[in-house]
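A quick note: this is a predicted structure, and the numbers were derived from the prediction, not measured. Scope of the values below: all heavy atoms of this structure, side chains included, with no hydrogens, waters or symmetry mates.
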Amino acid sequence: MRVTVVVPTYNERENLPVAVERLTALPVPDLHILVVDDNSPDGTGEVADKLAVDLPNVVSVLHRTEKDGLGRAYIAGITQALDEGADVVVQMDADLSHPAEVIPAMLEELTRPGTGVVLGSRYVPGGSTASEWKWYRKALSAWANFYVNGILRLGIKDATAGFKAWEADTLRAIDIGTIRSNGYSFQVEMNYRAKKQSIGIAEVPIRFEERTLGASKMSLRVQLESALMPWKLLFGRTL
């Protein structure tokens, strides 16, 4: 089974080598890492290229010429991974907030009949958010999940999760290339499409860590899109 971990980057030169080291240490045969760099001004693309030279059968790099959002970067990377024969595609952030060591458990869960995607979840028993988060940030995250589930009835504990393992056939079934949302609402739209296709969504617990290096990419525009997207999906505006 070919597993490709798609890792979008923008100004993550310090974090990327650590993320790759953690991934290559996993007991997962035929694991590949596809770095999708959005022309990072801090030289992350060059760091990724060096990693690809050092690990030619494991790491590859997709260079994009502009930064136009997390969703677009993921779609580009997932599309390439599928074209290259991936059986499973894992979405994982480069900022070390997602625990790579949970991937084997996610892959195991993905083998269960009827399951097409597995989420690394902060809100199932055993999961947690970073202890460094202030109370209002924890409240905002919990509210975002309540808000999304209240509108779309997804029945998912962590509807905004960005750490996911997808079967290739599931990604084809939800027609990944036609998704138009961007930023973090991209995650919600993918879950919504899976539910509409009656594809099973499982969750495994993770501890979500706070980044220690680099800056968050969350902007006001991303927050506004995330607030509007559930309503657009409900009324069929983007499907």
Side-chain angles (χ1 to χ4, degrees), residues 1-107 110 116-120 161-172 174-179 182-183 186-187 190 211 213-214 217:
M1 180 173 68
R2 180 184 175 99
V3 178
T4 300
V5 183
V6 176
V7 184
T9 58
Y10 185 78
N11 288 351
E12 298 285 1
R13 63 173 296 124
E14 298 97 341
N15 291 323
L16 181 60
V18 181
V20 168
E21 181 180 10
R22 292 179 182 179
L23 288 168
T24 55
L26 296 176
V28 178
D30 206 13
L31 183 140
H32 301 261
I33 303 164
L34 174 57
V35 179
V36 184
D37 186 65
D38 280 3
N39 199 24
S40 297
D42 76 340
T44 301
E46 289 79 3
V47 173
D49 286 337
K50 184 178 185 306
L51 289 166
V53 170
D54 293 341
L55 299 165
N57 298 316
V58 177
V59 178
S60 58
V61 187
L62 173 59
H63 291 281
R64 301 195 327 137
T65 57
E66 61 180 336
K67 183 180 185 295
D68 60 355
L70 183 68
R72 306 271 66 77
Y74 264 128
I75 288 173
I78 291 170
T79 300
Q80 179 164 313
L82 292 175
D83 289 344
E84 293 175 348
D87 299 297
V88 173
V89 178
V90 177
Q91 295 176 238
M92 182 176 146
D93 288 352
D95 62 7
L96 309 181
S97 60
H98 296 155
E101 65 272 14
V102 179
I103 288 177
M106 296 170 75
L107 297 177
L110 198 60
V117 56
V118 178
L119 315 182
F163 189 28
K164 303 177 180 178
W166 295 86
E167 282 191 341
D169 287 344
T170 297
L171 291 167
R172 296 186 184 99
I174 68 173
D175 201 4
I176 183 73
T178 65
I179 289 180
N182 214 336
F186 170 76
Q187 312 293 0
M190 291 182 77
R211 68 159 58 240
L213 297 170
K217 313 305 188 299

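Applying the side chain to side chain donor-acceptor pair (under 3.5 Å) rule to S40 yields the partners D37; only residues at least two apart in sequence or on another chain are considered. Residues meeting the side-chain contact (heavy atoms from CB on, under 4.5 Å) test with A73, sequence neighbours left out: P8, V36, D38, R64. Shown here are the side chain to side chain donor-acceptor pair (under 3.5 Å) partners of Q80, two or more places apart in sequence or in another chain: E84. Under the rule for a side-chain contact (heavy atoms from CB on, under 4.5 Å), the partners of A19 that lie at least two apart in sequence or sit in another chain are M92, L96. Judged as a salt bridge (charged side-chain N to carboxylate O under 4.0 Å, His left out), and not counting sequence neighbours, the contacts of D54 are K50. Scored by the salt bridge (charged side-chain N to carboxylate O under 4.0 Å, His left out) test, D169 finds R172 as partners (sequence neighbours excluded). T44 meets the side chain to side chain donor-acceptor pair (under 3.5 Å) test with D42; sequence neighbours excluded. When the side-chain contact (heavy atoms from CB on, under 4.5 Å) test is applied to T24, the partners found at least two apart in sequence or on another chain are V20, I33, L55, V58. Under the side-chain contact (heavy atoms from CB on, under 4.5 Å) criterion, D49 pairs with V61, H63, sequence neighbours left out.
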Item to check | Verdict with supporting geometry, E12 and D93, side chain to side chain contact (heavy atoms under 4.5 Å, CB included) | outcome: CA-CA 10 Å; E12 298 285 1; D93 288 352; over 6 Å; no

Item to check | Working for side chain to side chain contact (heavy atoms under 4.5 Å, CB included), residues V35 and L62 | outcome: CA-CA 6 Å; V35 179; L62 173 59; over 6 Å; no

Next on the checklist: Please evaluate residues I174 and W166 with respect to the criterion side chain to side chain contact (heavy atoms under 4.5 Å, CB included), reporting the C-alpha separation (whole Å), side-chain torsions for both, the decisive distance (0.1 Å), and the verdict.
Outcome noted: CA-CA 11 Å; I174 68 173; W166 295 86; 3.9 Å; yes

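Residues R13 and E46 fail the side-chain proximity criterion, which asks for heavy atoms closer than 4.5 Å. The shortest side-chain heavy-atom distance between F163 and I103 falls under the 4.5 Å cut-off. Contact annotation: the side chain of E167 never approaches that of V89 to less than 4.5 Å [non-hydrogen atoms, C-beta and beyond]. Within the 4.5 Å cutoff, no side-chain heavy atoms of V3 are placed close to those of H32.
Taking CD1 from I176 and CZ from F186, the interatomic distance works out to 4.0 Å, rounded to the nearest 0.5 Å. A distance of 13.0 Å separates OG1 of T4 from CD of Q91, quoted to the nearest 0.5 Å. We find the OH-OG1 distance between Y74 and T79 to be 13.5 Å, quoted to the nearest 0.5 Å.
Listed by first and then second residue, the salt bridge (charged side-chain N to carboxylate O under 4.0 Å, His left out) pairs that reach into residues 17-32 come to none, sequence neighbours excluded. Counting only residues at least two apart or in different chains, salt bridge (charged side-chain N to carboxylate O under 4.0 Å, His left out) contacts with residues 71-82 are absent.
Taking each heavy atom of L16 and A48 in turn, the nearest pair found is CD2-CB, 3.8 Å. In terms of heavy-atom proximity, L26 sits nearest to P104 at CD2-CD, 4.2 Å. Shown here for A86 and A168, the closest heavy-atom pair between the two residues is O-CB, 3.3 Å. When all heavy atoms of G77 and L34 are compared, the closest pair comes out as O-CD2, 3.3 Å. Contact detail for I75 and I179: the closest heavy-atom pair is CD1-O, 3.4 Å. Considering all non-hydrogen atoms of both residues, L23 and A100 come closest at CD2-CB, 3.9 Å.
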